[in-house]
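Here is the structure we will look at, set down as C-alpha cells.
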Amino acid sequence: MSARIISGIETAKAIREELTVEVANLKQKHGLTPGLVTILVGQDPASESYVAAKNKTAHALGIHSEQVTLAADTSEAELLKIVDTYNRNPAIHGILVQLPLPRHINEARVLFAIDPAKDVDGFHPVNVGKMMLGEPCFLPCTPHGILELLQRSGIETSGAEVVVVGRSNIVGKPIANLMLQKRAGGNATVTVCHTRSRDMHFHTRRADILIVAAGVAKMIKGDQVKDGVVIIDVGVNRIGQAASGKAILAGDVDFDTVVGKAAAITPVPGGVGPMTITMLMKNTLQAAKQAAGID
Ligand code: GUN
C-alpha cells in the first residue's frame with residue numbers, strides 16, 4: 001500500500017479561490033476591503049519567510065496587508081503601543097504578531113493586548129475560551145487548517161482514535177480540543193502525547209488519525225504507526241540547505257518509512273503549511289465582515 005497524499009496546496013488553492021470571490025463581492029457590494037497587519041519583531045529567518053508568505057497571499061486575494069518589521073531589541077512597551085494603534089485603526093481588521101517573540105517580551109501580555117475582535121490568530125484568551133466552549137470565534141490557523149484538510153479529504157473523525165503528539169498552545173492543545181468538540185469534524189476520542197509521556201509509541205500505534213506537532217525532524221517512524229493510519233504532519237524542520245540556498249525541509253514524520261503503511265498523509269512541504277496561511281485569510285475576511293455587521 002502506498003499512502004494517498006493529502007495535498008494542502010490543492011485544498012488551499014480551492015479555498016483561496018472561494019475567498020477571492022468573497023473579497024471581491026465585499027468590495028463591490030459594501031465598499032469594504034479587509035485589512036491585515038503582520039508584526040514581526042527580530043530577524044528569525046523562518047518567521048521572516050512565514051510573514052512574507054502571509055502578506056503575499058493577502059495581496060493575491062485582494063486583502064489590504066501591512067507589514068511592520070521591528071528591531072530585535074524593541075521594548076515590550078513599544079510593541080504594546082503599536083498593537084494599540086492598530087486596535088484603533090478602522091482599516092485594519094486583523095492583527096497578527098508573529099511568534100516566537102524575543103525573550104525580553106512577555107508573549108502573553110502582547111497577545112492579551114490585541115483586540116479579541118481583531119485576533120485573527122485566535123490566540124487571545126477570550127477566543128481560546130470560546131473555542132473550548134464550542135462558541136463561534138476565530139480558530140487558530142493551523143488547527144483550523146487541519147480540520148478543513150480532514151473534512152475536505154473526506155476523512156471521518158467521529159469515533160476515531162485521534163492521537164496528537166505535542167502540546168503547544170498554537171497546535172497541540174487547540175487541535176486536541178477541536179477534535180473533541182461535539183460537532184461535525186470532531187467527535188473523536190483524543191489522546192495527547194508529549195515529552196513526558198511514558199510510552200508514546202503505545203499511543204501512536206493505536207491512532208486512526210495521527211497528528212504530529214512536536215518540532216522534531218522525522219521523529220515518527222514506520223514501526224510506530226499502524227496500517228491504514230491517516231497522518232497529519234505539522235512539523236516544519238530546516239534540516240539543511242540546498243545548493244540553491246533554499247532550506248531543505250522535513251516534517252516530524254519520517255515520510256519514507258510511513259508512506260507504505262499509511263492510508264493517507266500530508267507531505268512537508270505542501271501539506272499543512274499552505275492551509276495555515278489560508279485560514280488566516282479566512283479569519284481576516286470574517287473579522288472585516290463582523291466589524292461591518294455583515295453576515
Ligand atoms: N508562529 C508559528 N505559527 C504561528 C501562527 O500561526 N501565528 C503566529 N502569530 N505566529 C506563529
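Source: prediction; values computed, not measured. Both counts, for ligands and for their atoms, begin at 1 and track the order of listing.
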Note, Asp208 side chain near Val229 side chain (heavy atom, < 4.5 Å):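 Not in contact.
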message: Is there a side-chain contact between Arg16 and Leu61 in this structure, where contact means two heavy atoms from C-beta onward sitting under 4.5 Å apart?
response: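 Arg16 vs Leu61: side chains touch.
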- prompt: Tell me: protein heavy atom nearest atom 11 (C) of ligand 1, and distance?
  reply: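 So the nearest neighbour among protein heavy atoms is Gln98 NE2, 3.4 Å.
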- prompt: For atom 1 (N) of ligand 1, what is the nearest protein heavy atom, given as residue, atom name and distance?
  reply: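 For atom 1 (N) of ligand 1, the nearest protein heavy atom is Leu99 O, 2.9 Å.
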- request: For Thr157 and Asn187, test the side chains for any donor-to-acceptor distance below 3.5 angstrom and give the result as yes or no.
  value: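 The answer is no; no qualifying pair exists.
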message: List ligand 1 atoms under 4.0 Å from Leu96, heavy atoms only on the residue side.
response: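 Counting atoms of ligand 1 from 1, those under 4.0 Å from Leu96 are 9 (N).
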Under 4.0 Å, heavy atoms only, figure out whether ligand 1 is touched by the backbone of [X], its side chain, both or neither.
X	answer
Asp121	side chain
Val97	backbone
Tyr50	neither

field: Shortest non-hydrogen separation from Ala250 to Lys218 and the atoms involved
entry: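 Result for this residue pair: CB-CE, 4.0 Å.
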message: With a sphere of 6.0 Å drawn around NZ of Lys13, does it hold more than 12 non-hydrogen atoms of other residues, nucleotides or ligands?
response: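 Not buried by this count: 12 neighbours or fewer within 6.0 Å.
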